[in-house]
Amino acid sequence: MSELSANKLLSFAEARQTVEQHAATLSPTQPELTGLLDAVGLVLAEDLLADRDFPPFPRATRDGYAVRAADVQTVPARLKCVGRIKAGANVEESGINLRAGEAVEIMTGAPVPTGADAVVMVEYTESEGARVTVKRAVKSSENVVPAGAEAHRGDVVVHRGTRVQHAIVAVAAAVGRAEVAVYRRPQVAVLATGDELVDINMPPGPNEIRNSNSYSLAAQVYAAGGDPVILPVARDDAAELAILLRKGLDADLLLLSGGVSMGKYDVVEEVLASLGAKFFFTGVAIQPGKPVVFGEVALDRKTTPFFGLPGNPVSTMVTFQLFARPLLDALAGANPELLPFTQAILSAPLTTKTGLTRFLPAKLDGVHDRPGVELVKWQGSGDLMAAARANCYIVVPPDRERFEAGEAVTVLPY
Ligand code: AMP
Ligand code: MG
């Protein structure tokens, strides 16, 4: 066992590459049609096409007057106001065809009538009865989006493999899709191990703790477009664990928590090995999360990838995000995504030991032109209260011991 662990300790970059490469070999689940809002967080299994030109008509982008730009090159210019067009108006029916010396009052989102080629903002005009004085020149096409400028009918406006969020929902709604084809949520079995654990609806004994990892993992799985299936907690007992593990292997992905460290009762790897598991790594040079295990088990003609995530709650959360997430994305049909690393200015100095890539819970905030980040006070990787006060990790490379206040550091948002 310890031999196995020593053998496959990878650097963070190597481990991440390993999961990305494995993810690329996986096929997504079956597509299904779903209501547009139920698709949020899931991945499109089809391209979305524009059903018409966008915009479908030359669209005024300001409230003001539609004019011929040539008429207002010398200002002030007095024009004859020949009507009013509001959003939704039928300009063809109104028969407006702007001629030289004419203007038409127009609202944002309204179709610009034939003859007009620009809109003057109302702020630069003065109207008196049927006359309007334009006080500022406009260029041809100013404040007008031509028909089809955003997309042409038949264009792919969102590609298959895109995760549905609010902007994708806007496009789907705009092209008239009340239902869209998405990949079914992959089933992700969640199996917590540990003699000290009780479920959240049970009173814990004085030396017991509640199983929080199954729930935090289920939340992360659901948010990533998976269907979490929480299995009963497994005791630190090889025979009991084997039974629950077999159940978990029916899912598309199996996530275990706990039991992968070097303790006497850490039996997860041993039981996985007894089921013929292939291990891709059995540790990563990170902190928290060093004992994380990744592999697959082929059983009953089905191969199921698994992660053995360390049981300390912060380790469980961060190793899910760093390593399990790409596999879940692939099973959910999503195009591969890079980790959303960013940079922020450290508000207080930071000291760690070298040798491991660290992911330290921190709070990202500050003003728009100077994003700041601050470590949260924590008692180490078991401190789930600290994790709840954080919204990101400060990422410290293995060769850095100290950062000063005011230095830019790499940050990974939750
Ligand atoms: P392990 O990885 O099994 O050695 O567990 C490391 C630490 O995490 C121990 O303090 C455990 O009590 C705690 N732990 C393990 N599993 C869970 C869980 N499901 N929920 C909350 N804490 C856990
Ligand atoms: Mg344990």
Side-chain angles (χ1 to χ4, degrees), residues 1-2 4-6 8-9 15 188-222 226 228-245 247-248 251 253-273 277 279 281-295 306-324 356 358-361 378-390:
M1 255 278 295
S2 54
L4 185 70
S5 305
K8 297 206 177 152
L9 180 79
V188 182
V190 177
L191 176 52
T193 70
D195 284 353
E196 73 279 33
L197 302 177
V198 298
D199 202 6
I200 56 174
N201 47 21
M202 298 286 284
N207 299 313
E208 293 177 327
I209 59 166
R210 294 195 180 89
N211 168 20
S212 58
N213 286 346
S214 289
Y215 293 91
S216 63
L217 279 174
Q220 286 180 292
V221 165
Y222 191 81
V229 181
I230 297 180
L231 295 171
V233 171
R235 307 287 114 203
D236 293 317
D237 169 84
E240 182 177 333
L241 183 59
I243 293 169
L244 288 167
L245 257 176
K247 268 206 182 123
L253 173 65
L254 167 62
L255 301 179
L256 294 123
S257 96
V260 288
S261 312
M262 303 297 281
K264 268 245 158 61
Y265 301 99
D266 291 330
V267 294
V268 166
E269 282 173 67
E270 179 191 311
V271 176
L272 283 163
F279 293 91
F281 56 73
T282 55
V284 182
I286 58 169
Q287 196 271 325
K290 186 165 173 239
V292 59
V293 172
F294 171 41
F306 66 81
F307 286 88
L309 307 176
N312 266 315
V314 185
S315 312
T316 313
M317 293 173 197
V318 74
T319 50
F320 172 88
Q321 187 175 349
L322 296 176
F323 305 118
L356 300 172
R358 310 224 173 222
F359 294 85
L360 306 173
W378 73 327
Q379 304 298 324
S381 53
D383 190 351
L384 50 77
M385 307 298 165
R389 289 193 298 272

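In each ligand, atom 1 is the first atom listed, and ligand 1 is the first ligand listed. The first residue of the sequence shown is numbered 1, and numbering continues consecutively from there.
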* Counting each atom of ligand 1 from 1 as listed, which ones have a heavy atom of S257 under 4.0 Å away? -> 19 (N)
* Minimum heavy-atom distance between L231 and L244, given as atom pair plus value -> CD1-O, 3.8 Å
* Polar side-chain atom of N312 near backbone of S315 as donor-acceptor pair, under 3.5 Å -> no
* Would you name the heavy atoms of V314 and P361 that are closest together and state the gap between them? => CG1-CG, 4.0 Å
* Measuring from the heavy atoms of G194, does anything fall under 4.0 Å of ligand 1? -> no
* Any donor-acceptor N/O pair, Q287 side chain to L356 backbone, under 3.5 Å -> no
* **Nearest neighbour of atom 9 (C) of ligand 1 from the list R210, E208, E196, M262, on a heavy-atom basis** => E196
* Asked: Could an N or O of ligand 1 be found under 3.5 Å from any N or O of P313, whether backbone or side chain?
  -> no
* side chain to side chain donor-acceptor pair (under 3.5 Å) partners for D195, two or more places apart -> none
* Among the heavy atoms of S212, does any lie under 4.0 Å from an atom of ligand 1? -> yes
* **Minimum heavy-atom distance M317-A387, with the two atoms named** => SD-CB, 3.9 Å
* Structure fact -> Looking only at protein heavy atoms, what sits closest to atom 16 (N) of ligand 1 is N213 ND2, 3.5 Å
* Structure fact -> One finds that the ligand 1 atoms under 4.0 Å from a non-hydrogen atom of N211 are 18 (C), 19 (N), 20 (N)
* Consider ligand 1: state whether an atom of it lies below 4.0 angstrom from any non-hydrogen atom of G259. => yes
* Under 4.0 Å, heavy atoms only, figure out whether ligand 1 is touched by the backbone of L197, its side chain, both or neither. => side chain
* Asked: By number and element, which atoms of ligand 1 are closer than 4.0 Å to a non-hydrogen atom of A192?
  -> 19 (N)
* Do N211 and N213 come close enough that some side-chain heavy atom pair is under 4.5 Å? -> yes
* Asked: If only atom types and distance count, is the side chain of T193 paired as donor or acceptor with the main-chain N or O of S257 below 3.5 Å?
  -> yes
* Asked: With under 30° as parallel and over 60° as perpendicular, where do the rings of F294 and F307 fit, or are they tilted in between?
  -> parallel
* To do: Among all protein heavy atoms, pick out the one at the shortest distance from atom 7 (C) of ligand 1; state its residue, atom name and that distance to 0.1 Å.
  => N312 OD1, 3.3 Å
* Asked: Would you say ligand 1 has an N or O under 3.5 Å from any N or O of G311?
  -> yes
* Structure fact -> min-distance protein heavy atom vs atom 22 (N) of ligand 1 -> I209 CD1, 3.5 Å
* Asked: For ligand 1, which atoms sit closer than 4.0 Å to a heavy atom of S261?
  -> 2 (O), 4 (O)
